[in-house]
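From a predicted model like this one, the values you see are computed outputs, not experimental measurements. Letters A, B, ... are given to chains in the order of the sequence lines, protein chains preceding strands, and every chain is numbered from 1.
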Amino acid sequence: MTQTTRRVALKVLGATLGASAFAHAMEPLRAWSKDLSLDQFLQRHYKELTSEELAEGIRRLERETREEYGREVTIRDIRPQEGVQFGYALSLSVCIGCRKCAEACHVENNHDRRTNNSYIRVLEMDQGSFDMEKGDATYEHAVPAKGKYYMPVQCQQCDNAPCVKVCPVQATWKEPDGIVAVDYNWCIGCRYCEAACPYHARRFNWTKPEVPAGEINPDQGYLSNRIRPQGVVEKCTFCLHRTREGRMPACLEACPTGARVFGNLLDPKSEIRWVLENKRIFVLKEELGTRPRFFYFFDV
Amino acid sequence: MGKDTHAITYPRFLLRVIGQSFEGSWRFYLWMTVLTAIALVGANAWAHQLVEGMRVTGMSDHVSWGLYIANFTFGVGLAAGAVMMVIPAYLYDDHEMHDVVILGELLAIAAIVMCLLFIVADMGRPDRFWHILPGLGRFNWPISMLTWDVIVLNGYLFINLHISGYLIYTRYLGRKPDRKWYLPFVFLSIGWAVSIHTVTAFLYSGLGGRPFWNSALLAPRFIASAFITGPAFVILLLQLVARLTRLRVGDGPIRTLTSVLRVTVLLNLFMLGSELFTSLYTGGTHSTAVTYLFFGLHGKSALVPWIWSAVALNVASAALLHLPASRGSRAFLNAACVAAFAGVWIEKGMGLIIPGFVPSTLHELVEYVPSMAEWKITAGIWAVGFMVLTIAIKVALTVLTGEMAVEPRSGDTRTGEHAPPLMH
Ligand code: SF4
Ligand code: SF4
């Protein structure tokens, strides 16, 4: 009898110890759950939100930005315009590899300062070769270097986008004007899209982005440059909060050489159409069938 | 017994099962305590990862999947391989195998539990897990391969839970299991086992932008390696069970499994060689990941020690299994199993997932080395897997040997040696 009671007592002791050890191990979660509101947890997919729910969500996000980052910002949900299909073109003859575009992207899109993130990577390539394998995205010398040319790569807004195909929860999709968007409040952070993208265009928030209050760009879009939560994926959106209102993408405005051309593919008088009709155009990794909306050309 | 009595006996059965899980020798307590400790270390590391973000891992935008997905992939293979032992038992009517089939099913359950945990560990936002549930969230089916994986993995878990649960419960009741309640599921599980590993291979081979994975041979290679890890693990498990419990399993199953292994280790090496040939002989972009993996590239070589140890282990296990000495010696056989298991773990893990990302799609060479946090979480999940397996086997065996039954069989002093087979 005493044998059994001792056994039971030991088991109870063991179970108590185990439970408290478990609680102790999970202690950091307390800090995590503080940041997580029930509304946020239950928020539905962007496309399923009523306009009130969306407005509500936006107010919440603005409040959170004020509380966490100390900056008043305006977040807007700007919808695509009828009759607009965006396209982007870039002249490899003109680009000098100064990376002003990447810098402007960093600032415009409220990227994490510590990692110096940007949606654009500029590859330095050997003249006379189109072998990306010999390209270098981490050069640190004066540009343009002799015998080199430069190829900026960002999201190609593929018409047949592998990233959209693979996402298990439809957190990323193609908008009617051709921009591939991400719902930062729906993405589960599986990074399958990052594995699928052939252009290294997606970025994951490995931690909460750090942006000093004074450097935050307050002009924000719900589907574009608002400060992203930790643990979700983001990407270039052709600065949709600008371009859907007729302005140019930040990278284009920053380019000192005018290598970049952006516009509405459906407008026959647009500069982008002129380039597509008069230059020799090519797209990256055409053989993969992704059908990019980002075109490269040489001026000759 | 009518249906209503199940309402009483079944919960009681479950209670006794739970009781059984806390009952055992000092060895059992020690083993479970060690596992619990490791699991707690992992849980703590995971909690930190949630708060601080995935930057505590060694992953980056260039290498966006690492140790977790590597272990996930391996675990799917283990789960598939474990159940494929059903094939000799049922398709070829090898009666001796029937006893061990249940062990395979339990191993599959434990492996799937691990896989699901690895997926959770890899999610940036596990709080949004419900987004991936069919019906509740927005399920990108049938386009996304990941949604297929969710379906087949969970389906597989339920099939195996049903089969083993049903067989154990009827044995507990002292009744003969009704074939129509488990046999169709057994056959279903064979097909399903192939499907889980095929779908997992398609996760990778469907990505056109990753030449290292974009190979039609990937799924067959996955299946071949599943047929290595499953049997290798079960051979070791059977011997442990024989040593630690009263269940007696004849030599037959081990002999059958060893012959399966002899073929699959060679098949696996052959397919590895074929892939190497296509990559290296042709050269070009497709070969850079392979070159990096096996020889290093531009002075970077983080994966070289991994892959060569995998090759060495795989070759060693193949050699050991084919030496005449291995027929008589359990030590040889066990060494071969351990080598095969470890070899495939590296090959299907670090040797398969990471080189898909290095060089990256813009041909940058950013290396990946798992961080301490990743190792802790990984060890924790393996510990949970072993806990699930230990308890499952323990419960199954106490029922199987008649130690636990709805009513003590009158005058039943039989031990497991004479226990009637669990399946028919
Ligand atoms: S470039 Fe990458 S991220 Fe952009 S649409 Fe194509 S696959 Fe998606
Ligand atoms: S990381 Fe987010 S957007 Fe990308 S596939 Fe996963 S859920 Fe979809």
Side-chain angles (χ1 to χ4, degrees), chain A residues 11 14-15 18 21-22 24-29 31-32 36 41 45 47-48 117 121 123 131-138 153 162 165-171 186-192 194-200 202-208 229-233 285 287-290, chain B residues 22-23 29 33 36-37 39-48 50-57 59-62 64-65 119 122-129 131-132 137-141 143-147 149-150 203-204 206-210 285 288 356-357 359-364:
Chain A
K11 270 192 222 169
F22 183 73
H24 198 71
M26 289 307 206
E27 171 67 25
L29 285 190
W32 176 72
L36 183 79
F41 176 70
H45 190 279
K47 290 186 186 170
E48 288 168 13
N117 203 358
R121 275 187 102 65
L123 292 185
D131 192 352
M132 275 199 219
E133 215 176 297
K134 303 215 175 70
D136 174 18
T138 54
V153 184
K165 238 195 232 171
V166 300
C167 177
V169 294
Q170 300 177 359
W186 192 257
C187 167
I188 60 174
C190 66
R191 307 185 300 293
Y192 196 9
E194 213 171 17
C197 170
Y199 306 99
H200 189 61
R202 292 194 161 239
R203 304 286 182 272
F204 182 67
N205 287 280
W206 299 95
T207 181
K208 188 174 154 180
Q230 172 174 304
V232 306
V233 144
K285 306 197 185 190
E287 72 281 6
L288 298 180
T290 51
Chain B
F22 290 97
E23 200 62 63
Y29 282 120
T33 309
T36 311
L40 284 174
V41 170
N44 180 255
W46 181 67
H48 277 288
L50 263 188
V51 178
E52 284 153 50
M54 307 274 287
R55 72 146 179 244
V56 301
T57 71
M59 292 182 265
S60 64
D61 284 325
H62 288 90
S64 54
W65 283 337
I119 291 292
D122 192 64
M123 280 169 75
R125 296 300 300 234
D127 53 308
R128 298 182 183 167
F129 70 94
H131 296 184
I132 206 171
R138 265 176 91 95
F139 208 51
N140 191 12
W141 189 83
I143 304 296
S144 171
M145 278 298 123
L146 207 51
T147 53
D149 223 16
V150 169
L203 275 185
Y204 312 108
L207 305 181
R210 305 269 174 198
T285 321
T288 48
F357 293 103
S360 79
T361 47
L362 296 185
H363 303 279
E364 290 175 73

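Counting heavy-atom pairs under 4.5 Å between each of Cys187(A), Ala137(A), Gly135(A), Ala15(A) and chain B puts Cys187(A) at the top. The residue among Phe139(B), Trp65(B), Trp46(B) with the most heavy atom pairs within less than 4.5 Å of chain A is Trp65(B). Counting heavy-atom pairs closer than 4.5 Å to chain A, the top residue among Asp61(B), Leu207(B), Asp122(B), Asn44(B) is Asp61(B). Counting heavy-atom pairs closer than 4.5 Å to chain A, the top-ranked of the candidates His48(B), Met54(B), Met145(B) is Met54(B). Ranked by heavy-atom pairs under 4.5 Å with chain A, the first of Asp127(B), Thr288(B), Val150(B) is Asp127(B). Your options are Gly208(B), Ser64(B), Gly209(B), and the one with the most heavy-atom pairs under 4.5 Å with chain A is Ser64(B). Of the residues considered (Ala196(A), Ala195(A), Pro229(A), Cys197(A)), Ala195(A) shows the highest number of contacts with chain B, using heavy-atom pairs under 4.5 Å. Counting heavy-atom pairs closer than 4.5 Å to chain A, the top residue among Ile143(B), Ile132(B), Leu50(B), Thr147(B) is Leu50(B). For the set Glu48(A), Lys208(A), Lys47(A), the count of heavy-atom pairs under 4.5 angstrom toward chain B peaks at Glu48(A).
For Trp141(B), no part sits under 4.5 Å from any heavy atom of chain A, backbone or side chain. Both the backbone and the side chain of Ile188(A) come within contact range of chain B, judged by heavy atoms closer than 4.5 Å. Heavy atoms closer than 4.5 Å to chain A are found nowhere in Thr33(B), neither backbone nor side chain. The parts of Leu146(B) that come within reach of chain A are both its backbone and its side chain, each placing non-hydrogen atoms under 4.5 angstrom from that chain. If you measure heavy-atom distances from Leu203(B) to chain A, the contacts under 4.5 Å come from both the backbone and the side chain.
Trp206(A) contributes no side-chain N or O that, together with a main-chain N or O of Val56(B), makes up a donor-acceptor pair within less than 3.5 Å. Judged by distance alone, the side chain of Asn140(B) and the main-chain N or O of Pro168(A) form no donor-acceptor pair under 3.5 Å. Between the Glu194(A) side chain and the Ser60(B) main chain, no donor and acceptor come within less than 3.5 Å of each other.
Remark: the Thr207(A) side chain and the Arg55(B) side chain contain an N/O donor-acceptor pair separated by less than 3.5 Å.
Considering Arg138(B), Arg125(B), Arg128(B) as possible partners of Trp186(A), the one that fulfils the side-chain contact (heavy atoms from CB on, under 4.5 Å) test is Arg138(B).
In this structure, CZ on Phe129(B) lies 15.5 Å from SG on Cys190(A), to the nearest 0.5 angstrom. Atom OH of Tyr199(A) and atom OG1 of Thr361(B) lie 9.5 Å apart (nearest 0.5 Å).
The local environment of NZ in Lys11(A) is crowded, with over 12 non-hydrogen atoms from other residues, nucleotides or ligands closer than 6.0 Å. Environment of NZ in Lys165(A): sparse, with no more than 12 heavy atoms of neighbouring residues, nucleotides or ligands closer than 6.0 Å.
Among residues two or more places apart in sequence or in another chain, the side chain to side chain donor-acceptor pair (under 3.5 Å) test is passed with His62(B) by His200(A), Glu364(B).
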